[in-house]
Amino acid sequence: MNKPFIRNHQYNVIKKQAGILQHALGTVADRKILESVKYTTESKILEMFPDAAAEHKQMLEAVSTLQTKEDFAKYLRELEAYLTEFPAITAKQIQKLFPKNKKLKLPDLAAIDYRYVTYLSWIDIASNKLFIVYPANGQFVGVEGRYNPTNKKNYCFVCNRFEELALFSAITKKRPAGASPDYYKAVGNYMCANSHDCNNNITDTTALEKFIEAVVG
């Protein structure tokens with residue numbers, strides 16, 4: 001039985017690196033350059049899995065042997081069997097993360113393919129709010145904030161890809177010592193207006209985790 005070991009953002013890195021190599025094979029004639037691209041591709045993929053089992057490393061290393069479009073498609077397709085899913089979560093668990101929202105509208109949890117989810121999010125159009133659920137340190141964390149589409153394209157702070165953005169701003173729960181009861185501070189940043197695209201693009205969780213830490217503490 002296949003033991004999942006690849007997280008969604010790591011799979012996105014593999015797709016990106018495989019795409020770079022595939023493009024080079026179709027456009028570069030210099031053998032030395034191609035060998036360099038192959039080495040770089042393989043190295044960047046393997047460095048994400050320092051503790052991978054020998055058979056898993058062997059499977060990942062096969063990227064440097066691929067030649068045709070069909071080879072690359074088969075390689076990525078076979079790796080899908082090793083994707084780890086976003087941790088199982090119920091509607092009740094989500095509602096507990098947002099206790100002040102008594103009429104919280106949830107997405108259709110049964111319709112989500114959790115293999116391709118790094119963070120779970122949805123928009124409540126009625127309240128113009130975005131909700132994010134993320135697994136951190138063995139437990140789920142919920143962040144909510146204002147969601148304002150910009151109708152402009154730029155780089156998303158989460159996935160660092162050029163996409164249509166929305167401004168997401170949340171009130172931080174951190175309070176300086178001696179702060180007045182009325183103290184509040186908003187933490188905001190521009191992220192993909194479409195979380196599906198963002199989850200499909202994200203290759204590093206650092207920026208997202210820093211943002212969540214700034215809000216939740």
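We count residues from 1, following the sequence as given.
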Is the backbone N or O of [Y] less than 3.5 Å from a side-chain atom of [X], with the two atoms forming a donor-acceptor pair by type?
| X | Y | value |
| --- | --- | --- |
| Asn189 | Phe168 | no |
| Arg7 | Val117 | no |
| Asn12 | Thr203 | no |
| Glu35 | Lys32 | no |
| Tyr114 | Leu109 | yes |

*Determine whether the side chains of Tyr75 and Gln22 contain a donor N or O and an acceptor N or O closer than 3.5 Å.*
no
_Show, in sequence, the C-alpha distance, side-chain angles and deciding distance for Thr118 and Thr205, and conclude whether the side-chain contact (heavy atoms from CB on, under 4.5 Å) test is met._
CA-CA 8 Å; Thr118 293; Thr205 59; 3.8 Å; yes
*Exercise: identify the closest heavy-atom pair between Tyr147 and Ala166*: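 Scanning both residues completely, I find the closest heavy atoms to be CE1-CB, 3.4 Å.
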*Of the non-hydrogen atoms in Ile14 and Leu79, which two are nearest, and what is the gap between them?*
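It is CG2-CD1, 3.8 Å.
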Can you tell me how far [atom2] of [Y] sits from [atom1] of [X], rounded to the nearest 0.5 angstrom?
| X | Y | atom1 | atom2 | answer |
| --- | --- | --- | --- | --- |
| Thr40 | Ile20 | OG1 | CD1 | 9.5 Å |
| Trp122 | Ile132 | CH2 | CD1 | 9.5 Å |
| Lys16 | Arg161 | NZ | CZ | 7.0 Å |

*In plain terms, say whether Lys153 and Glu164 are close enough for a salt bridge, that is, a side-chain N and a carboxylate O under 4.0 Å apart.*
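Salt bridge absent between Lys153 and Glu164.
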Less than 3.5 Å apart, which donor and acceptor atoms pair up between the side chains of residues 191-198 and the rest of the protein, not counting sequence neighbours?
| residue | atom | partner | partner atom | Å |
| --- | --- | --- | --- | --- |
| Asn194 | OD1 | His196 | N | 2.8 |
| Asn194 | OD1 | Asp197 | N | 3.3 |
| Ser195 | OG | Ser121 | OG | 3.1 |

*Give the cluster check for Leu130 versus Leu208: same hydrophobic cluster or not, with ILVMFWY residues linked at side-chain heavy-atom distances below 4.5 Å.*
yes
Mind listing the side-chain donor-acceptor pairs of residues 44-67 below 3.5 Å, one per line with the distance, residues two or more places apart or on another chain?
| residue | atom | partner | partner atom | Å |
| --- | --- | --- | --- | --- |
| Ser64 | OG | Glu42 | OE1 | 2.9 |
| Ser64 | OG | Glu61 | O | 3.1 |
| Thr65 | OG1 | Ala62 | O | 2.7 |

Distance-only donor-acceptor hits, side chain of residues 85-93, under 3.5 Å, sequence neighbours excluded:
| residue | atom | partner | partner atom | Å |
| --- | --- | --- | --- | --- |
| Thr90 | OG1 | Gln93 | N | 3.1 |
| Thr90 | OG1 | Gln93 | OE1 | 3.4 |
| Gln93 | OE1 | Thr90 | N | 2.8 |

*After noting the C-alpha distance and the side-chain angles of Asn200 and Lys15, does the key distance pass the side-chain hydrogen bond (donor to acceptor under 3.5 Å, both in side chains) rule?*
CA-CA 10 Å; Asn200 194 47; Lys15 286 192 298 181; 3.1 Å; yes
*In sequence, state the C-alpha distance, the side-chain angles, and the governing distance for Tyr134 and Phe140, and then conclude on ring-ring contact (aromatic ring centres under 6.0 Å, His included).*
CA-CA 6 Å; Tyr134 186 75; Phe140 289 111; 9.4 Å; no
*If we only count heavy atoms from C-beta on, is the Phe72 to Leu25 side-chain gap below 4.5 Å?*
yes
_Within the 4.5 Å heavy-atom criterion, are Asp71 and Thr68 side-chain neighbours or not?_
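A side-chain contact under 4.5 Å exists here.
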*asked:* If the condition is ring pair (Phe, Tyr, Trp, His ring centres under 6.0 Å), which residues does Phe162 pass it with, not counting sequence neighbours?
replied: Tyr155
*Name all residues meeting the ring pair (Phe, Tyr, Trp, His ring centres under 6.0 Å) criterion together with Tyr11; count only those two or more places apart in sequence or in a different chain, and write none if there are none.*
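With neighbours one apart ignored, the set is empty.
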*Do other residues, nucleotides or ligands put more than 12 heavy atoms under 6.0 Å from the CZ atom of Arg115?*
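More than 12 heavy atoms, drawn from other residues, nucleotides or ligands, come within 6.0 Å of this atom.
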*Who else is in the cluster with Leu165 when I, L, V, M, F, W and Y are joined by side-chain contacts under 4.5 Å?*
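Leu165 shares its hydrophobic cluster with Leu167, Tyr190.
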